[in-house]
There are 2 protein chains.
Amino acid sequence: MSSRTGSVPGVERFREFLNEYNHPVTPQRLRVAALLFGTHDHISADEIVQRLRVSGDAVGKATVYRTLDLLLKAGLIREHDFGEGFRRYEPCPARPHHEHLVCVRCGKVIEFESAAFERLQTEVATLHRFEPSHHKVEIYGECEECHN
Amino acid sequence: MSSRTGSVPGVERFREFLNEYNHPVTPQRLRVAALLFGTHDHISADEIVQRLRVSGDAVGKATVYRTLDLLLKAGLIREHDFGEGFRRYEPCPARPHHEHLVCVRCGKVIEFESAAFERLQTEVATLHRFEPSHHKVEIYGECEECHN
DNA sequence: TTCAATGCAAAGCATTTGCATCCAA
DNA sequence: TTGGATGCAAATGCTTTGCATTGAA
């Protein structure tokens, strides 16, 4: 075992969420949450399985997917599909809302925020009589290292 | 049979692309192209198979996927993943580059363009030393009919 | 004790691939 | 005539589900 999960705020929030909805707090759930809240990467379900296995805290793949569902419902993580054939996840609470730059060669993901984008979302949605809930802005291209 | 494919500009452009790369011009390829260039929807591979079957121009699913690849390589269609578990396609040449508003209830897709978004993409990419190739802006929410 | 969680394996789906047959050029 | 296209069915890869077992409360 490695993580003192109690010290990670995100894990605490997940614990509260589980209590609130009378979902058992299991070691597997805490491990998945601790891993997610302890990384800055945008990792896939499979990477979660791998990393937990390596650190000796193996959790079944099905349980990982089920825990990701819970974390999504709790609003504690964000789900992404960058068109790679699988989804990636990142913790929410850490940083404010942000968008992504994705390198089409090496897969590197860089985050950025832009108040202008936020403003434009509201503007455009209102114009089309939409009630906006969320949005995605992804810019694809080549990062400095990959671009010759 | 229904379509006089010769009258649709997109189909003509596809024909030229096939000739240029010495790919045979087959009736199946023309049918898929004609369907795509004749609709304003954002349709899935499966919908293409269904609609062609209904109109008596059945084309195998594998051929549809293979033709979509060609159309993508030709730059004549755009591919979208709105997180529904499958991809949607739309003709490119018809309209200038645009973004999407997606109703999370009924799945309706509305297109919009915004010069401001285009400008911001370049700005942000340059800031992070990215060479931008393309981008996606999707705003999710409830359309007027679905919102109450 | 008890009801939900776990984890394996099987099932589901969209998409891709293998291969025998067919056809555009 | 012939190399590539077609289309069925099988394979793939991510994700979900069924079910017997385990464990949190």
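So that the names make sense, note that chain A is the first sequence line, chain B the second, and so on, each numbered from 1. Both backbone and side-chain heavy atoms feed into the values below; hydrogens, waters and symmetry mates do not.
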>> Please report the distance, rounded to the nearest Å, between OH in B:Y21 and P in D:dA5.
In response: 15 Å
>> Under a plain distance cut-off of 3.5 Å, with no hydrogens placed, do A:H40 and A:E90 share a side-chain donor-acceptor pair?
In response: no
>> Once side-chain hydrogen bond (donor to acceptor under 3.5 Å, both in side chains) is applied, do any residues pair with B:N19, and if so which ones, sequence neighbours excluded?
In response: none
> Can you list the residues that meet the side-chain hydrogen bond (donor to acceptor under 3.5 Å, both in side chains) rule with B:Q28, with sequence neighbours excluded?
Replying inline: none
>> So B:F14 and B:R29, do their side chains get closer than 4.5 Å, heavy atoms only?
In response: yes
>> The criterion is ring pair (Phe, Tyr, Trp, His ring centres under 6.0 Å); which residues satisfy it with B:H134, sequence neighbours excluded?
In response: A:Y140
>> Among D:dT6, D:dA24, D:dT16, which nucleotide has an atom closest to any side-chain atom of B:T26?
In response: D:dT6
>> Testing the 3.5 Å rule here: is there a donor-acceptor pair between the side chains of B:E113 and B:H98?
In response: no
> How bent is the helix from C:dT1-D:dA25 to C:dA25-D:dT1, comparing axes over its five end pairs at each side, to the nearest 10°?
Replying inline: 30°
>> What is the distance, to the nearest angstrom, from the CG atom on B:N22 to the P atom on D:dT2?
In response: 18 Å
> More 5' along DNA chain C: B:Q28 or A:K61, using each one's nearest nucleotide?
Replying inline: A:K61
> Are side-chain N/O atoms of B:E111 and B:H42 paired as donor and acceptor at under 3.5 Å?
Replying inline: yes
> Taking only side-chain nitrogens and oxygens of B:H23, does any of them come within less than 4.0 Å of OP1 or OP2 of D:dA5?
Replying inline: yes
> Should A:E145 and A:R105 count as an ion pair when the cut-off is N to O under 4.0 Å?
Replying inline: no
Ignoring hydrogens and angles, write down the donor-acceptor pairs under 3.5 Å from the side chains of residues 58-70 of chain B, residues two or more places apart or on other chains.
unit_1, atom_1, unit_2, atom_2, d
B:K61, NZ, B:D46, OD1, 3.4
B:T67, OG1, B:T63, O, 2.8

>> I need the CG-C1' distance between B:D57 and D:dG7, as an integer number of Å.
In response: 16 Å
> D:dT16 C1' sits how many Å from A:L68 CG, rounded?
Replying inline: 13 Å
> What's the CG-P distance between B:L52 and D:dG7, to the nearest Å?
Replying inline: 10 Å
> When you list every nucleotide of DNA chain C with an atom under 4.0 Å from a heavy atom of chain A, which one comes first 5' to 3', and which comes last?
Replying inline: C:dA4 to C:dC8
> How long is the line joining CZ of B:F86 and C1' of D:dG13, in whole Å?
Replying inline: 19 Å
>> Output the rounded distance in Å from CG (A:L72) to P (D:dT16).
In response: 10 Å
> If each of B:R66 and B:G85 is mapped to the nucleotide of DNA chain C with the nearest heavy atom, which maps nearer the 5' terminus, i.e. the 5' end?
Replying inline: B:G85
> For the pair made of NE2 in A:H80 and C1' in D:dC14, what is the distance, rounded to whole Å?
Replying inline: 18 Å
